[in-house]
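Notes to accompany the following structure.
Any value given below was found using the heavy atoms of this structure, including those in side chains, with hydrogens, waters and symmetry copies removed.
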Amino acid sequence: MELCCNLEVDINGEEIFMVDKNTVASYSGRLSKLFGRSKANLRNLKLIFQDFPGGAEGFELILKFCYNNGYVQMSPSNVPVLYSAAQFMEMNRSISGTQNLQEQTERYLDDINEWTWSELLTALKRCQDLSLSRPSIVLHKCLDSLVGRLHLALEEHCCPSTSSSDGSVLRFSCDTKSTESLKTVFSNGVWWFEELLLLNPDFVKMTVPLMLKRDFDEVVIARFLVYYQKSKISNASRDEKRKIIEVVVEMLYTLDHNSVSCKSLFSILRVALGLNINKCIRNKLEKMIGAQLDRGTLDNLLLPSRSGSSYLYDVNLVLRFVKAFLHEQKSRTSQMTLTRVATLMDLYMAEVAPDPCLKPSKFLALAKALPEYARRSHDDMYRAMDMYLEVHTEMSEEEKIKMCCALNYEKLSVEICINLSKNRRFPSKSSIHGLVSEQLKQTAKNSKSITSLPHKLDECENKSSKRDETSNRVMFDTKKLDFSDENERLKAHIQGIQWRVMELERVCKKMHTQMGKVMKSKVTSHSQLKSLPWLCS
């Protein structure tokens with residue numbers, strides 16, 4: 001067959017080829033349809049491709065196939081390009097009884113399990129270089145073979161007695177490694193972490209579901225993802241870092257949250273904070289951290305606030321952690337984990353208390369973030385509050401009272417009660433009297449009948465023998481109150497005030513008994529009770 005160069009082809013601006021139009025069109029459905037539309041015998045044609053798969057190299061392989069009667073030498077390194085180019089050129093029909101290129105590449109892939117480990121990695125690298133808009137069958141088969149070999153290797157690592165004498169796992173390893181070095185890395189079963197660093201984030205996102213489908217140990221998958229993030233992030237651009245973090249977090253979120261350590265999650269978070277990652281991905285990371293908050297440390301929580309914020313530390317982020325923790329605890333409440341988080345929050349409050357820019361509302365939110373029963377003692381919370389009040393001297397009496405209402409006075413030790421009795425930074429009893437009165441006035445507008453409460457605080461001065469009687473009078477007869485459905489919230493608010501007053505009275509009684517034993521002859525119980533700035537007059 002006589003050939004002529006009657007078609008000029010520009011491939012992605014990289015290189016120009018002069019080809020025989022009829023020869024190439026006889027194998028390409030795309031060109032056949034293009035030239036078949038014109039009945040004229042056109043000459044000096046020029047064809048421009050902007051996104052030809054594999055560029056000039058890919059087109060050259062196509063020409064070899066066309067000029068060699070439908071045959072080209074295939075290898076793991078060129079089959080990804082050949083398959084993508086064949087799809088692009090629509091080379092999916094037989095010519096003169098010869099298999100078309102797409103069928104040949106698919107048939108070649110049927111023997112992918114015979115490829116060596118290094119050939120498989122080379123094919124994956126070529127798939128990445130193509131940057132296709134959607135994964136090809138070559139990529140799917142390569143990843144499936146990769147995961148299958150890793151699964152076999154891990155099984156042999158876990159059950160060495162079933163391994164062959166020459167070590168079948170070693171056949172899948174990179175050919176450049178010596179047997180001795182491989183034995184070393186196989187000892188911990190994670191030799192493939194380094195091998196898979198060649199994968200880009202999109203390929204990792206495709207690989208993890210395949211691992212889960214084959215029942216890989218999720219702890220191992222999590223370790224790989226953390227290793228991948230740490231290894232790839234150092235030399236990456238800002239956009240690349242963001243992509244890596246988002247993919248790693250998204251994949252970790254598909255695993256059991258206990259499969260990744262709290263330390264690793266905080267390490268990822270510190271990198272993510274400066275990258276403005278996707279909000280949905282950030283929420284997933286915060287939920288994972290919140291689920292393990294009881295395993296965190298104070299250093300983990302001391303995260304700097306975002307630019308533009310006046311706070312030293314990101315208090316809002318910590319509050320979101322606590323919210324996620326409590327949501328996770330709904331299904332499996334544990335007093336031990338609650339106590340650990342409460343201890344951690346007390347440490348955090350003490351650390352952020354000296355921040356002069358931290359608003360009282362934020363500090364109060366930290367104090368009330370956990371339910372009251374989470375703490376066995378409120379001593380540490382008291383110390384943190386004391387430190388905060390010492391720095392924020394401009395606070396009003398009402399702000400101080402609102403903050404101190406987070407304390408459970410029955411959970412204060414005798415030593416702290418003594419300290420409180422002398423501490424003039426805490427609000428006075430008259431301020432509490434006024435606040436409760438104001439709250440009751442506002443509540444009275446929405447209820448049918450409310451008994452006056454503020455004057456009951458003055459009865460703290462009565463003798464201890466009358467305290468029980470006083471307590472009964474303080475309590476509202478809420479059963480007689482006729483609250484409609486919309487006033488249920490107000491009812492709960494009233495009851496909360498009642499119990500707060502009862503707490504104050506019980507503290508007075510408790511201190512009257514305990515302080516007499518502690519102070520003995522040095523300080524009488526009566527003088528200590530009188531010196532309390534806001535529990536008793």
Side-chain angles (χ1 to χ4, degrees), residues 74-84 104-130 132 134-177 179 181-183 185-228 247-248 250-252 254-256 259:
M74 294 187 187
S75 68
S77 62
N78 68 18
V79 72
V81 178
L82 277 170
Y83 183 84
S84 298
Q104 287 189 37
T105 53
E106 290 176 355
R107 192 176 187 88
Y108 184 81
L109 288 171
D110 289 340
D111 298 324
I112 192 171
N113 289 332
E114 300 300 321
W115 298 1
T116 66
W117 176 258
S118 60
E119 286 175 337
L120 184 59
L121 295 183
T122 298
L124 281 169
K125 183 69 168 62
R126 294 308 302 271
C127 289
Q128 288 186 157
D129 295 339
L130 290 173
L132 300 176
R134 57 184 180 179
S136 68
I137 188 174
V138 181
L139 175 58
H140 283 300
K141 287 197 172 187
C142 286
L143 288 177
D144 188 66
S145 179
L146 175 81
V147 173
R149 297 183 190 203
L150 290 178
H151 185 254
L152 178 60
L154 291 174
E155 280 188 337
E156 294 193 9
H157 169 71
C158 295
C159 306
S161 60
T162 62
S163 303
S164 60
S165 57
D166 59 344
S168 60
V169 180
L170 298 180
R171 295 201 309 272
F172 302 139
S173 62
C174 183
D175 298 341
T176 59
K177 292 182 176 178
T179 302
S181 63
L182 283 170
K183 287 180 179 178
V185 292
F186 272 119
S187 63
N188 57 18
V190 294
W191 56 272
W192 50 274
F193 285 14
E194 185 71 25
E195 303 276 284
L196 266 56
L197 290 180
L198 66 88
L199 300 180
N200 63 31
D202 288 328
F203 281 24
V204 170
K205 192 174 181 178
M206 297 173 63
T207 303
V208 171
L210 293 176
M211 291 179 171
L212 291 173
K213 189 175 181 180
R214 289 182 180 262
D215 295 326
F216 271 58
D217 185 348
E218 295 190 15
V219 174
V220 175
I221 298 176
R223 288 175 61 192
F224 162 67
L225 290 170
V226 173
Y227 180 86
Y228 180 87
V247 167
V248 168
E250 189 172 1
M251 291 299 98
L252 286 174
T254 64
L255 308 177
D256 185 286
S259 61

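Taking each heavy atom of Gln104 and Met74 in turn, the nearest pair found is CB-CE, 3.4 Å. Shown here for Phe203 and Leu139, the closest heavy-atom pair between the two residues is CE2-CD1, 3.4 Å. Asp144 approaches Arg214 most closely through the heavy-atom pair OD1-NH2, 3.6 Å. Closest approach of Cys142 and Leu124 over heavy atoms only: CB-CD2, 3.6 Å. Closest heavy-atom contact between Asn200 and Tyr228: C-OH, 3.2 Å. Counting all heavy atoms, side chain and backbone alike, Pro80 lies closest to Cys127 at CB-SG, 3.8 Å.
With contacts defined as side-chain heavy-atom distances shorter than 4.5 Å, the pair Trp115/Ser145 does not qualify. In this structure, the side chains of Tyr108 and Tyr83 stay at 4.5 Å or more apart for every pair of heavy atoms. When side chains are defined from C-beta on, Val138 does not count as touching Thr105, because their heavy atoms never get closer than 4.5 Å. The side-chain heavy atoms of Asp129 and Lys125, taken from C-beta on, include a pair separated by under 4.5 Å. At a threshold of 4.5 Å between non-hydrogen side-chain atoms, the residues Leu146 and Leu196 count as touching. Between Met206 and Leu199, the closest side-chain pair of non-hydrogen atoms is not below 4.5 Å. Trp191 is listed as a side-chain neighbour of Leu150, based on a closest heavy-atom distance under 4.5 Å. Between Leu225 and Glu250, the closest side-chain pair of non-hydrogen atoms is not below 4.5 Å.
By the 30° and 60° cut-offs, the orientation of the rings of Phe216 relative to Trp192 is perpendicular.
Within the model, atoms CG of Asp202 and OG1 of Thr207 stand 10.5 Å from one another, a figure rounded to the nearest 0.5 Å. Within the model, atoms NE2 of His151 and CG of Leu210 stand 12.5 Å from one another, a figure rounded to the nearest 0.5 Å. Separation of atoms CE (Met211) and CG (Leu255) is listed at 10.5 Å; rounding is to 0.5 Å.
Checked by atom type and distance alone, the side chain of Gln128 pairs as donor or acceptor with a backbone atom of Leu198 at under 3.5 Å. Side chain of Glu218 to backbone of Asp256: a donor-acceptor contact under 3.5 angstrom is found.
Checked by atom type, the side-chain pair Arg126/Thr122 shows no donor-acceptor distance below 3.5 Å.
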